[in-house]
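Remember, predicted model here, so these are calculated numbers, not experimental data.
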Number of protein chains: 2
Amino acid sequence: MTTTDETRPARPAGRPRSAKAERAIIEATLDLIGERASLSELSIEAVAARAGVGKTTIYRRWSSKEDLVVDALATLKAPLPPLEGRSVRADLAAYLEVVGREACDVRGRCVMNIAMNETDRHPQLVERIRQAVIRPRQEALRALLLRGIETGELRPDLDLPVAMAAVVGSMIWYVKSTGSGEGGEPAEDVVERMVDHLMAGLAPR
Amino acid sequence: MTTTDETRPARPAGRPRSAKAERAIIEATLDLIGERASLSELSIEAVAARAGVGKTTIYRRWSSKEDLVVDALATLKAPLPPLEGRSVRADLAAYLEVVGREACDVRGRCVMNIAMNETDRHPQLVERIRQAVIRPRQEALRALLLRGIETGELRPDLDLPVAMAAVVGSMIWYVKSTGSGEGGEPAEDVVERMVDHLMAGLAPR
DNA sequence: TCGTTGCGAAACTAGAGCGTATCGAAACAG
DNA sequence: CTGTTTCGATACGCTCTAGTTTCGCAACGA
């Protein structure tokens, strides 16, 4: 047994890496992805400049732009709203609230931008994002709708794939097309109006 | 009166410009916008290469990238479906069919990509696109919904902005999230299912 | 104190794209 | 035929950015 035992966490000699710099790099990366909407426009130079950091510090930690992006997106752990315990309607509102807020937020748009635009050029990155972020949400929504069918709050003959797209797409398109909420949040009554509409549909009762 | 009368369309001497080259340039531009999703990634070099054309031929016709893009997008004259005369439900289906097909098509995505991603960097270009392409469609949809309210086919208390976003957003999100129709068209029954759902809503009757 | 490693800044090489110029060939008018 | 203009191709100088390397200093353990 030497003194550098493997029970010791192998603290390497020398100056330790700055956690602050690392956080700044991640933040800058997320900001820039949200603004630029495309990975090839994301330059390491720009990240370094915005983070107030030398390029060396970035290249020392991540060997490629894609690695950096993966790590950065991983910190957006896609907070799902608490969906259990209340009425299906209330849970739906909570779900829409999150969707709406993220569609407004620069950060929230990161995931959507990449998932929608980079399928051709970075298929495996997109697949990782789908698995980590999008799928869980889709499943949560599916479970929510199924619960509603069971409790009788929703139509028993729902077309699930179509219904799921309608819930998410309506909110996102509303935010995008009205340009509402460049200030970070959509108007406060939008969620209620959206739930009302989604529940009732277009046809008269 | 000289022989070069202004009644003559002033045909200039020399070899006339090739209409074929012009078409090839426009086509290449649209393809690349659809693929790249961002204007700054659109290079004149790439357009020339894909069109099989010298750069000179492009610069001779358009003085800037933005001019070229405007002309290219103008050829996509956003065919609105015939919306009059049938039932509101049938017109809604026709509307959704166009939206769905364009969400699948590389060309159709040009407009959406630019309108959604370039607002910050090319505000006036985006505004021109909104005026020329997006507004007319929104107005057509609004008129369609209002007509439905008048005829009693739709709820009289519709929340119009929300309803419009729901119609368009549902279809687009369905195509995007299911990845259906990379082959140019969504599954054929999607439109009917979507109309059914939009009319009926989530709640039981 | 000394050795090691991280830090930001700056210099450097390489490549991509831009806009222009030039080339010989081709397509028109007269 | 002559003169004019466009054609695709190629080359040029320029700028911008990427990714690497170098530098002097800072922060740690021993």
Please list each protein N or O that sits under 3.5 Å from an N or O in nucleotides 9-12 of chain C, with the distance.
{"from": "C:dA9", "atom 1": "N6", "to": "A:Thr56", "atom 2": "OG1", "distance (Å)": "2.9"}

A:Arg15 side-chain N/O to D:dA26 phosphate OP1/OP2 under 4.0 Å:
no

What residues, two or more places apart in sequence or in another chain, satisfy salt bridge (charged side-chain N to carboxylate O under 4.0 Å, His left out) together with A:Arg193?
A:Asp189, B:Asp159

Between A:Thr57 and C:dG8, is there a side-chain N or O to OP1/OP2 distance below 4.0 Å?
yes

Taking side chain as C-beta onward, heavy atoms only, is B:Val168 less than 4.5 Å from B:Arg137?
no

By side chain to side chain contact (heavy atoms under 4.5 Å, CB included) - contacts of A:Asp196 (at least two apart):
A:Arg89

Who pairs with B:Glu27 by salt bridge (charged side-chain N to carboxylate O under 4.0 Å, His left out), at least two apart in sequence or on another chain?
B:Arg107

Take the protein atom CG of B:Leu42 and the nucleotide atom P of C:dA16, then report the distance between them rounded to whole Å.
17 Å

Those residues at least two apart in sequence (or on a different chain) that pass side-chain hydrogen bond (donor to acceptor under 3.5 Å, both in side chains) with B:Lys55 are B:Glu45

Can you sort out which residues in residues 60-67 of chain B have a heavy atom within less than 4.0 Å of DNA chain D? Ascending by number, please.
B:Arg60, B:Arg61

Nearest whole Å is fine: how far is D:dA9 P from B:Ile58 CD1?
12 Å

Main chain of A:Ser38, side chain of A:Glu118: is a donor-acceptor contact present, judged purely on distance under 3.5 Å?
no

When rounded to whole Å, the CD to P distance for the pair B:Glu45 and C:dC18 reads 5 Å

